[in-house]
Protein chains: 2
Amino acid sequence: MENFRTYIHSLIDLSEEGWMALRPALTTARYKKGHCLLQEGQVCNKLFFISTGYCRAFYRKGEQEVNTNFFFESEIATNNDSFWTGEKSKFSIQACENISTVILDRSILLKAGQENHEIATLGRLCLHQTAAKLESHASLFKLMTAQERYGYLEKHNPVMLQRVPLNQLSSYLGIARETISRIRSRRS
Amino acid sequence: MENFRTYIHSLIDLSEEGWMALRPALTTARYKKGHCLLQEGQVCNKLFFISTGYCRAFYRKGEQEVNTNFFFESEIATNNDSFWTGEKSKFSIQACENISTVILDRSILLKAGQENHEIATLGRLCLHQTAAKLESHASLFKLMTAQERYGYLEKHNPVMLQRVPLNQLSSYLGIARETISRIRSRRS
DNA sequence: CTCTTTTTGTGACGATCGTCACTTGTGTCA
DNA sequence: TGACACAAGTGACGATCGTCACAAAAAGAG
């Protein structure tokens with residue numbers, strides 16, 4: 001919960017009134033490893049602020065699962081698209097460890113945003129932040145080869161390499177598990 | 001300009017008051033083929049609604065240019081990241097044909113958004129829309145092979161294949177120009 | 001209408017990366 | 001402690017795709 005205050009402060013200097021308006025939208029929850037915060041086909045009606053642990057977002061493609069995102073401590077796990085438009089989500093979000101979260105409720109947040117200006121801005125900043133994360137990851141694929149992508153992650157997000165098993169990183173980087181393993185051995 | 005009204009209506013049912021608040025932010029302009037609407041290193045302080053013609057967004061990577069996006073009629077060309085945060089843009093946006101545009105000024109829009117609720121919502125919807133476009137294109141790379149990506153574009157955005165020359169599509173799809181050419185001939 | 005530039009198509013070849021099969025750790029649980 | 005599941009390393013092989021080189025076609029410019 002302290003993490004959460006720090007996170008909000010990093011986005012906006014929220015007044016006491018703003019905090020009061022935000023509070024009704026908040027709850028906390030813990031989930032076990034393997035639990036799905038969001039299921040494919042559901043509408044994403046919550047933002048999950050991750051206090052401890054991490055999650056993954058994945059599409060199903062035929063028999064396989066393709067990871068498109070990971071959410072670690074002090075990040076917001078959500079499907080932006082579904083959350084803001086109310087459409088059904090095309091992917092799922094699942095806890096990869098036991099996690100504890102701060103949950104922001106969609107309908108309360110939207111209502112609060114209509115009445116309180118700071119909350120509306122906060123919503124936009126959240127949206128922007130998660131979108132920016134997606135965009136920067138997307139550009140990896142357009143600008144870099146497989147090796148370069150791995151190198152980039154090694155430099156800019158080493159935590160991910162340490163915590164996420166290779167078979168899950170594989171689809172995230174668009175590189176076969178074996179190939180990642182070989183890139184590693186070439187490096188050392 | 002009529003396109004523009006239609007576009008706005010597709011996002012939000014703007015009241016007469018809302019239109020009045022929006023109007024001061026608007027101007028129109030024409031640019032010649034080759035002109036840069038946004039230069040790498042500048043702050044993106046305008047949204048360009050494309051009335052006619054199309055543009056491309058591109059990064060410079062060493063000697064090469066890598067196209068990350070195309071903007072056609074009734075789309076908004078911008079660098080979301082730079083526009084909303086005020087940071088310098090890492091890529092440029094250039095007219096690929098002679099274009100006519102409706103321009104939304106950043107500072108006027110932000111001010112209008114603070115005073116008028118509809119404008120704030122409109123801003124968020126624009127942000128969301130352009131972000132969604134980026135995300136869906138990004139997922140192409142994680143979910144599909146080169147051939148499938150081409151096939152997807154053929155199905156969901158045939159206009160792009162018709163209007164954009166292969167050497168520019170190449171970097172956008174992450175496929176060599178020659179390979180695209182071969183995929184084409186295999187199909188027919 | 002020519003000349004030039006740009007765009008597209010094709011062939012040959014090699015590098016990269018994915019797939020399959022198997023081995024080697026590294027827990028985790030009863 | 002052994003049994004089992006899961007993660008990671010490794011070798012062999014083939015498919016895909018990028019690169020280079022050149023030809024054909026189309027589009028612009030004067």
Side-chain angles (χ1 to χ4, degrees), chain A residues 32-35 53-56 58-59 61-68 70 94-98 140-154 158-188, chain B residues 32-35 53-56 58-59 61-67 70 94-99 140-154 158-188:
Chain A
K32 285 191 186 166
K33 175 174 175 175
H35 180 261
Y54 80 96
C55 311
R56 69 187 181 110
F58 64 97
Y59 283 84
K61 192 199 177 188
E63 301 292 283
Q64 304 213 336
E65 292 178 353
V66 179
N67 296 318
T68 53
F70 292 99
Q94 185 188 40
C96 295
E97 299 176 348
N98 294 335
L140 292 189
F141 287 84
K142 293 174 211 161
L143 296 170
M144 305 182 191
T145 66
Q147 295 212 42
E148 292 172 323
R149 290 202 292 280
Y150 181 87
Y152 185 89
L153 209 63
E154 203 173 27
V159 175
M160 198 182 287
L161 294 184
Q162 287 157 21
R163 292 178 69 178
V164 179
L166 283 198
N167 54 28
Q168 288 192 17
L169 264 184
S170 166
S171 58
Y172 179 73
L173 283 173
I175 312 177
R177 186 184 59 75
E178 296 90 333
T179 304
I180 300 183
S181 180
R182 288 186 185 107
I183 292 176
R184 273 193 183 167
S185 56
R186 256 177 259 161
R187 296 288 183 95
S188 52
Chain B
K32 284 191 186 167
K33 175 174 176 175
H35 178 261
Y54 80 96
C55 311
R56 69 186 180 111
F58 64 98
Y59 284 83
K61 190 198 177 188
E63 302 292 281
Q64 303 212 337
E65 292 178 352
V66 179
N67 295 319
F70 293 99
Q94 185 188 40
C96 296
E97 298 175 349
N98 294 335
I99 61 175
L140 291 189
F141 287 85
K142 294 174 211 162
L143 296 171
M144 306 181 190
T145 66
Q147 293 212 42
E148 292 172 323
R149 290 201 293 279
Y150 181 86
Y152 185 89
L153 209 65
E154 203 173 26
V159 175
M160 199 182 286
L161 294 184
Q162 288 158 21
R163 292 178 68 178
V164 179
L166 283 198
N167 53 30
Q168 289 192 17
L169 264 184
S170 167
S171 56
Y172 179 72
L173 282 173
I175 311 177
R177 185 184 60 73
E178 295 90 333
T179 303
I180 299 182
S181 180
R182 287 185 185 108
I183 292 176
R184 273 193 182 168
S185 55
R186 255 177 260 162
R187 297 288 185 95
S188 54

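In what follows, every chain begins at residue 1, and chains take the letters A, B, ... in the order their sequences are listed.
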**Student:** Please list all pairs meeting salt bridge (Lys or Arg N to Asp or Glu O under 4.0 Å) that have one or both residues in residues 166-176 of chain B, counting only residues at least two apart or in different chains.
**Tutor:** none
**Student:** Side-chain contact, heavy-atom cut-off 4.5 Å: Cys96(A) with Gln168(A)?
**Tutor:** yes
**Student:** Any N/O pairs under 3.5 Å between the protein and nucleotides 25-30 of chain C? List them or say none.
**Tutor:**
none

**Student:** Report for the helix from dC1(C)-dG30(D) to dA30(C)-dT1(D): angle between first-end and last-end helix axes, five pairs each, rounded to 10 degrees.
**Tutor:** 50°
**Student:** Name all residues meeting the side chain to side chain donor-acceptor pair (under 3.5 Å) criterion together with Glu154(B); count only those two or more places apart in sequence or in a different chain, and write none if there are none.
**Tutor:** Arg187(B)
**Student:** Go through the structure and list residues passing salt bridge (charged side-chain N to carboxylate O under 4.0 Å, His left out) with Lys33(A), not counting sequence neighbours.
**Tutor:** none
**Student:** Using a cutoff of under 3.5 Å, can you pull out all pairs of nitrogen or oxygen atoms linking the protein to nucleotides 14-21 of chain D, with atom names and distances?
**Tutor:**
from, atom 1, to, atom 2, distance (Å)
dG18(D), OP1, Gly174(B), O, 3.3
dG18(D), OP1, Ala176(B), N, 3.3
dG18(D), OP2, Ala176(B), N, 3.1
dG18(D), OP2, Thr179(B), OG1, 2.7
dC20(D), N4, Glu178(B), OE2, 3.3

**Student:** My understanding is that only residues two or more places apart in sequence, or in another chain, count here; which of them pass salt bridge (charged side-chain N to carboxylate O under 4.0 Å, His left out) with Arg56(B)?
**Tutor:** Glu65(B)
**Student:** Can you name the salt bridge (charged side-chain N to carboxylate O under 4.0 Å, His left out) partners of Arg163(B), sequence neighbours left out?
**Tutor:** Glu73(B), Glu97(B)
**Student:** Starting from C1' on dA8(D), measure out to CG on Leu161(A) and report it in whole angstrom.
**Tutor:** 14 Å
**Student:** Could you tell me which residues satisfy side chain to side chain contact (heavy atoms under 4.5 Å, CB included) with Ser181(B), sequence neighbours excluded, listed by chain and number?
**Tutor:** Leu166(B)
**Student:** For each nucleotide in nucleotides 24-30 of chain D, reading 5' to 3', give B when a protein heavy atom comes within less than 4.0 Å of its base, S when such contact involves only the sugar-phosphate, and - otherwise.
**Tutor:** -------
**Student:** Residues two or more places apart in sequence or in another chain: which of them pass ring-ring contact (aromatic ring centres under 6.0 Å, His included) with Phe70(B)?
**Tutor:** Tyr172(B)
**Student:** Taking ring-ring contact (aromatic ring centres under 6.0 Å, His included) as the test, write out the residues that go with Tyr54(B), two or more places apart.
**Tutor:** Phe72(B)
**Student:** Which nucleotide sits closest to the side chain of Leu166(A): dG9(D), dT10(C), dT10(D)?
**Tutor:** dG9(D)
